[in-house]
Trainee: 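I'd like to ask some things about the structure below.
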Amino acid sequence: MQDARTRQRRIRKAVFPVAGLGTRFLPATKTVPKEMLPIVDRPLIQYAVDEAIEAGCDTLVFVTNRYKHAVADYFDKAYELEQKLERAGKAEQLELVRNVLPPGVRAVFVTQAEALGLGHAVLCAKPVVGDEPFAVLLPDDLIWNRQKGVAGPGALKQMADLAEASGASVIATQDVPREKTGSYGIAATESFNGRQGRITAMVEKPKPEDAPSTLAVVGRYVLSPRIFDLLEATTPGAGGEIQLTDAISALLREEPVLAYRFQGTRFDCGTHIGLIEATIRHALDHEALSDAARETMQRALGEMGVVDLD
Ligand code: G1P
């Protein structure tokens, strides 16, 4: 059954659940939200925001908690700073500060009063999203579609195009080793053509022996607004939380939901090693820093005896 409302509509709204406590990164996250940790010169959240804007979104909905002000401050206009930079003639820095959000893009902040899970966080965005298909981006998952320095379309842009062409909801996926299924939503599909397939079942964080496949959900979703009604009816699932995966399980019984294996590399910045890897890769690809980054890394590996410098 395909809903006429969801067909051929451009995705304009993107939801960013950013209410988490980021305990894995304590003590840094005692004062700095996880989403504000930098990858080279930009905070993690900026990469997800840029991906949403590239995909055509002009309304960014941040679901935050009442203690987290840094994300809102970051996207707010910094009048004093801008004035100072302007007076000092620092045009380049001024541009960086102003371009955090380009003209025509607005940020809306919604509070999640209680940490009841990802599904609940998405449901908090309902009053802003309303009755249209929308995107959800989990900023922990940093996705990068570059090959030999050349950028291709971001993961969400690829998904938005597919959602628009098919009228279906689209979930980003990637293959993971079976022993890792317990960290992800796992999708079973039919007629998967290597790039996409219709999802027939979804389970949140199954044990390897119970997982219906090894196709894992990555933090990018294009969803039909019907998901909100289903989230309202969703009871706590894995980990005692209201899971987005469970509501999607209900959605796929009513409407087509596609698993999409995106082009690009995903860095799991919810883990220390993922954050480190993303930093290294971005530094090596950075316009101004790549040569220095390469030298520094080679020297460090040589001095630590990891590689032979001679
Ligand atoms: C969330 C989702 C899970 C998904 C994962 C992707 O889990 O619940 O289905 O696979 O994001 O990063 P979390 O990592 O927040 O526990």
Side-chain angles (χ1 to χ4, degrees), residues 14-25 29 33-35 37 44-45 47-48 51-52 62-65 112 114-125 135-144 154-156 159 169-189 199 201-208 210-223 227 230-231 234-252 257-262 264-275 277-278:
V15 176
F16 302 84
V18 291
L21 295 177
T23 48
R24 207 177 267 170
F25 292 102
T29 45
K34 180 175 63 172
E35 297 77 18
L37 296 176
L44 207 39
I45 187 75
Y47 292 89
E51 192 185 320
F62 298 93
V63 182
T64 180
N65 69 43
Q112 185 184 16
E114 283 179 276
L116 297 180
L118 177 60
H120 179 254
V122 171
L123 183 55
C124 291
V136 176
L137 297 95
L138 310 186
D140 274 10
D141 283 329
L142 198 166
I143 302 179
W144 205 41
L156 190 68
M159 294 165 68
S169 295
V170 179
I171 317 289
T173 54
Q174 72 173 32
D175 298 289
V176 295
R178 187 162 275 277
E179 66 270 19
K180 294 269 170 68
T181 58
S183 303
Y184 297 94
I186 300 291
T189 55
I199 302 183
M202 280 229 326
V203 194
E204 182 67 6
K205 304 199 170 104
K207 288 189 197 136
D210 300 333
S213 79
T214 52
L215 197 60
V217 173
V218 168
R220 300 289 183 277
Y221 309 76
V222 174
L223 295 170
I227 198 78
L230 299 167
L231 279 168
T234 301
T235 51
E241 299 190 332
I242 296 177
Q243 296 291 354
L244 183 57
T245 298
D246 294 343
I248 297 172
S249 274
L251 182 67
L252 57 87
V257 181
L258 302 177
Y260 176 67
R261 194 186 267 148
F262 55 90
T265 308
R266 167 216 178 215
F267 302 101
D268 180 2
C269 294
T271 66
H272 292 100
I273 197 64
L275 198 72
E277 192 188 354

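Every number for a ligand or one of its atoms is a count from 1 in the order of the listing.
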Trainee: Please state whether the rings of Phe267 and Trp144 are parallel, tilted or perpendicular, taking 30° and 60° as the class boundaries.
Mentor: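 Tilted: the ring planes of Phe267 and Trp144 meet at 30° to 60°.
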Trainee: Check whether Ser249 reaches the backbone of Met202 with its side chain - one donor and one acceptor, N or O, closer than 3.5 Å.
Mentor: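 Side chain of Ser249 to backbone of Met202: a pair is present.
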Trainee: State whether the side chain of Glu51 and the backbone N or O of Leu156 hold a donor-acceptor pair below 3.5 Å, judged by distance alone.
Mentor: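 Here the side-chain-to-backbone pair exists.
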Trainee: I want to check something: taking the side chain as every heavy atom from C-beta on, are Thr245 and Lys205 in contact at a cut-off of under 4.5 Å?
Mentor: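 Sidechains of Lys205 and Thr245: no contact.
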Trainee: Output the list of atoms in ligand 1 that are nearer than 4.0 Å to some heavy atom of Lys205, sorted by atom number.
Mentor: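 What qualifies from ligand 1 is 7 (O), 13 (P), 16 (O).
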Trainee: State if Thr245 counts as touching ligand 1 under the rule of any non-hydrogen atom under 4.0 Å.
Mentor: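 A heavy atom of Thr245 does come that close to ligand 1.
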Trainee: Is the closest basic N to carboxylate O distance between Arg220 and Asp141 below 4.0 Å?
Mentor: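 Not counted as a salt bridge, because no side-chain N and carboxylate O are separated by less than 4.0 Å.
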Trainee: Right, does atom 12 (O) of ligand 1 have protein non-hydrogen atoms nearer than 4.0 Å?
Mentor: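 Yes, because at least one protein heavy atom sits under 4.0 Å from atom 12 (O) of ligand 1.
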Trainee: Closer than 4.0 Å and a protein heavy atom, does any atom meet both conditions relative to atom 15 (O) of ligand 1?
Mentor: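 Protein heavy atoms within 4.0 Å of atom 15 (O) of ligand 1 - there are none.
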Trainee: Could you list the atoms of ligand 1 found under 4.0 angstrom from a heavy atom of Asp141?
Mentor: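 Counting from 1, the qualifying ligand atoms are 6 (C), 12 (O).
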Trainee: Looking only at protein heavy atoms, which one is nearest to atom 5 (C) of ligand 1, and what is the separation?
Mentor: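 Nearest protein contact, heavy atoms only, for atom 5 (C) of ligand 1 is Val217 O, 4.0 Å.
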Trainee: Is the count of non-hydrogen atoms from other residues, nucleotides or ligands lying under 6.0 Å from Arg24 atom CZ greater than 12?
Mentor: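 Atom CZ in Arg24 is not packed in, count stays at 12 or less.
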Trainee: Has the side chain of Gln174 got a donor or acceptor atom that lies under 3.5 Å from a matching backbone atom of Val218?
Mentor: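 No.
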Trainee: Output the list of atoms in ligand 1 that are nearer than 4.0 Å to some heavy atom of Tyr184, sorted by atom number.
Mentor: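 Ligand 1 atoms under the 4.0 Å threshold to Tyr184: 10 (O).
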Trainee: Taking both backbone and side-chain atoms of Gly185, is any N or O found less than 3.5 Å from an N or O belonging to ligand 1?
Mentor: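 Yes - when backbone and side-chain N and O of Gly185 are compared with those of ligand 1, one distance drops under 3.5 Å.
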Trainee: Mind checking whether Leu138 contacts ligand 1 via backbone (N, CA, C, O), side chain (CB onward), both or neither, at a 4.0 Å heavy-atom cut-off?
Mentor: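 Within the 4.0 Å criterion, Leu138 contacts ligand 1 through side-chain atoms alone.
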Trainee: How far is atom 9 (O) of ligand 1 from its nearest protein heavy atom, and which residue and atom is that?
Mentor: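 For this ligand atom, the closest protein heavy atom is Glu204 OE1, 2.7 Å.
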